[in-house]
Amino acid sequence: MLSVDEALATLLAGARPVADTEQVATLAASGRVLAQAQHSGFSVPSLDNTSMDGYAVNSADCASGETRLPVSQRIPAGSVPQQLARGTAARIFTGAPIPPGADAVVMQELCTQDGDAVIVKHRPAPGEWVRRVGEDILAGKEILAAGIKLRAQDTGLAASVGIAALPLFRRLRVAVFFTGDELVMPGEPLPAGRIYNSNRFTLNGLLQQLGCLVTDYGNVPDRLEATRKVLREAAAGNDLIVTSGGVSVGEEDHVKPAVEAEGRLDMWKIAVKPGKPLAFGEVHAGAGRKAHFIGLPGNPVSSFVTFLVFVRPFILRCQGVARVEPRSYRLGADFDWTKPDSRREFLRVKLNAAGGLELYPNQSSAVLTSAVWADGLVDNPAKHAIRRGDMVKFLPFSELFL
């Protein structure tokens, strides 16, 4: 069997990042992948300004600790101040430019108004409450690196330096379909021997969270020609095809021969639990085009976990994301795991109030409740027993859903 790292390395080596880019309004760019690094055309702040409501002064005029100064001007944000005469103060408001001649701001709580003057009850140091030019960003500095998935704060930063539109990689187009005559959609009657198709909902949700444009071909009959037809249609308009189930070698498993007839398929057994079977290949789309193909196992937790471990980084790489590894954390186990598997395991766990990790009692690959209850996964090496209090590698869902 392939190790998890070997399988993931092969997947990532075979990923074809999208090349097409488009200019998108910065206001609509959150969640998309930046195609080119962005630089600021000016310094931020662009001029010295105050970070506090108060009075702009020359600090040398306030050396006594209680000084009465005439108020010579009022400076709201967005205005242009006059030169501050020595021995005077300027009423100033947060974000307003520091007037020439001033070198400090005294917060208004340390001042008392006295008619047309102010009594400053503080000895300010030069630079107090003053934000200097370029303190945040210097002109010409790179503010956003290529290959990042933009967050709300990233688009805000771009907007702060006047960038109205950003060059983004186009969205990855992903097709999904599901095989199995036993599958029934929620809302329909459930005859004996049938099951509701939960994987359709889980995989659609995961793909949408990753920002993909999803085409869902639904349930495909367990027939070879029907499977081949959907593969051809899906390959024609998509970058990636993801399926769940049907990649085994039984008489009713038609995905494997269908993909082999329409392209190429590698069947892998991976030393991972839950999971193990994974199919990776490509489907010909005509005119020299090919769509990637990934076939996931059918058990709901196996499908969910193998998507997070293998499909997620593959999609991110195809989207143009530079860093695809999820962040992990070392946390204490508040459980015992005394009979580890010979395969690398991904255990469903939950953070407790003490900051430790609790284990869902039933780790079966058919128990989807475990994934709903959990906050993330413990990445446990093969044959590695865990004792209460041991430090383990925790992968929170908050990182795996990005």
Side-chain angles (χ1 to χ4, degrees), residues 23-31 34 36-145 148 150-168:
Q23 287 290 124
V24 175
T26 302
L27 195 59
S30 185
L34 188 64
Q36 298 170 7
Q38 299 296 296
H39 298 77
S40 177
F42 55 88
S43 293
V44 179
S46 58
L47 71 174
D48 292 351
N49 70 89
T50 175
S51 59
M52 188 69 64
D53 288 349
Y55 293 86
V57 298
N58 187 302
S59 58
D61 292 335
C62 303
S64 68
E66 185 162 342
T67 308
R68 187 179 187 279
L69 299 172
V71 177
S72 57
Q73 58 181 305
R74 185 176 184 275
I75 312 172
S79 65
V80 179
Q82 303 297 314
Q83 175 82 28
L84 182 71
R86 287 297 303 270
T88 70
R91 182 73 167 110
I92 195 166
F93 300 89
T94 302
I98 301 296
D103 67 355
V105 172
V106 180
M107 58 192 299
Q108 61 188 19
E109 290 83 352
L110 299 177
C111 301
T112 301
Q113 190 174 351
D114 183 19
D116 293 336
V118 62
I119 299 173
V120 179
K121 302 175 181 179
H122 178 62
R123 296 184 182 89
E128 191 166 323
W129 301 116
V130 176
R131 294 187 289 215
R132 298 298 185 188
V133 171
E135 185 177 293
D136 186 9
I137 302 168
L138 290 172
K141 178 185 176 182
E142 181 181 294
I143 59 166
L144 296 170
I148 64 168
L150 294 165
R151 305 163 298 172
Q153 58 266 45
D154 299 320
T155 58
L157 182 61
S160 76
V161 297
I163 299 175
L166 291 164
L168 309 179

Handout entry: Closest non-hydrogen atom pair between Asp103 and Arg132, with its separation
Key = O-NH2, 4.3 Å

Problem - Derivation of the side chain to side chain contact (heavy atoms under 4.5 Å, CB included) call for Thr50 and Val130 - result: CA-CA 5 Å; Thr50 175; Val130 176; over 6 Å; no

Practice task
Decide if atom CD of Gln82 counts as having more than 12 heavy atoms of other residues, nucleotides or ligands within a radius under 6.0 Å.
Solution key: no

Handout entry: Non-hydrogen side-chain atoms of Cys62 and Leu69 separated by less than 4.5 Å
Key = yes

Problem - Side chains of Ile75 and Gln73 in contact at under 4.5 Å (non-hydrogen atoms) - result: yes

Exercise for the section: Begin with the C-alpha distance, continue with both residues' side-chain angles, and end with the deciding distance and a verdict on salt bridge (Lys or Arg N to Asp or Glu O under 4.0 Å) for Asp48 and Arg131. Expected result: CA-CA 6 Å; Asp48 292 351; Arg131 294 187 289 215; over 6 Å; no

Problem - Side chain to side chain, Ile92 and Ile98, heavy atoms closer than 4.5 Å - result: yes

Practice task
Taking the side chain as every heavy atom from C-beta outward, state whether Gln83 and Pro99 have any atom pair closer than 4.5 Å.
Solution key: no

Practice task
For Leu144 and Ala158, work out which heavy atoms get closest and say how close.
Solution key: CD1-CB, 4.1 Å

Exercise for the section: Kindly compute the distance separating CG (Asp53) from CZ (Phe93), expressed to the nearest 0.5 Å. Expected result: 6.0 Å

Handout entry: Pair Ser46-Ser43, side-chain donor/acceptor within less than 3.5 Å
Key = no

Exercise for the section: Using distance alone, with no hydrogens and no angle criterion, decide if Glu128 and His122 have a side-chain donor and acceptor under 3.5 Å apart. Expected result: yes

Practice task
Would you confirm whether Thr26, through its side chain, and Ala165, through its main-chain N or O, come within 3.5 Å as a donor-acceptor pair?
Solution key: yes

Practice task
Taking the side chain as every heavy atom from C-beta outward, state whether Ile137 and Leu157 have any pair of such atoms under 4.5 Å apart.
Solution key: yes

Handout entry: Atom of Thr67, atom of Ser64 and distance for their closest heavy-atom approach
Key = OG1-OG, 2.9 Å

Exercise for the section: Please name the pair of heavy atoms, one in Ser59 and one in Ala104, separated by the smallest distance, quoted to 0.1 Å. Expected result: CB-CB, 4.5 Å

Exercise for the section: Can you see which heavy atom on Ser160 is nearest to which on Phe42, and at what distance? Expected result: O-CZ, 3.8 Å

Exercise for the section: Report yes if the side chains of Leu138 and Val133 come closer than 4.5 Å at any heavy-atom pair, otherwise no. Expected result: no

Practice task
Could you tell me which residues satisfy side-chain hydrogen bond (donor to acceptor under 3.5 Å, both in side chains) with Ser40, sequence neighbours excluded, listed by chain and number?
Solution key: none

Practice task
Could you check if a side-chain atom of Val44 sits within less than 4.5 angstrom of a side-chain atom of Val161, using non-hydrogen atoms only?
Solution key: yes

Problem - CZ-OG distance between Arg86 and Ser72, expressed to the nearest 0.5 angstrom - result: 12.5 Å

Problem - Heavy-atom check, side chain of Leu168 versus side chain of Leu150, under 4.5 Å - result: yes

Completion exercise
With sequence neighbours left out, the residues meeting side-chain hydrogen bond (donor to acceptor under 3.5 Å, both in side chains) with Gln108 are Arg91

Which pairs of donor and acceptor atoms, one on a side chain in residues 113-121, lie under 3.5 Å apart (sequence neighbours left out)?
{"residue": "Asp114", "atom": "OD2", "partner": "Arg68", "partner atom": "NE", "Å": "2.9"}
{"residue": "Lys121", "atom": "NZ", "partner": "Thr112", "partner atom": "OG1", "Å": "3.1"}

Practice task
State, to 0.1 Å, how close Ala56 and Leu84 come at their nearest heavy-atom pair, and which atoms those are.
Solution key: O-CD2, 3.8 Å

Problem - Verdict with reasoning, Leu34 to Leu166, per side chain to side chain contact (heavy atoms under 4.5 Å, CB included) - result: CA-CA 7 Å; Leu34 188 64; Leu166 291 164; 4.1 Å; yes

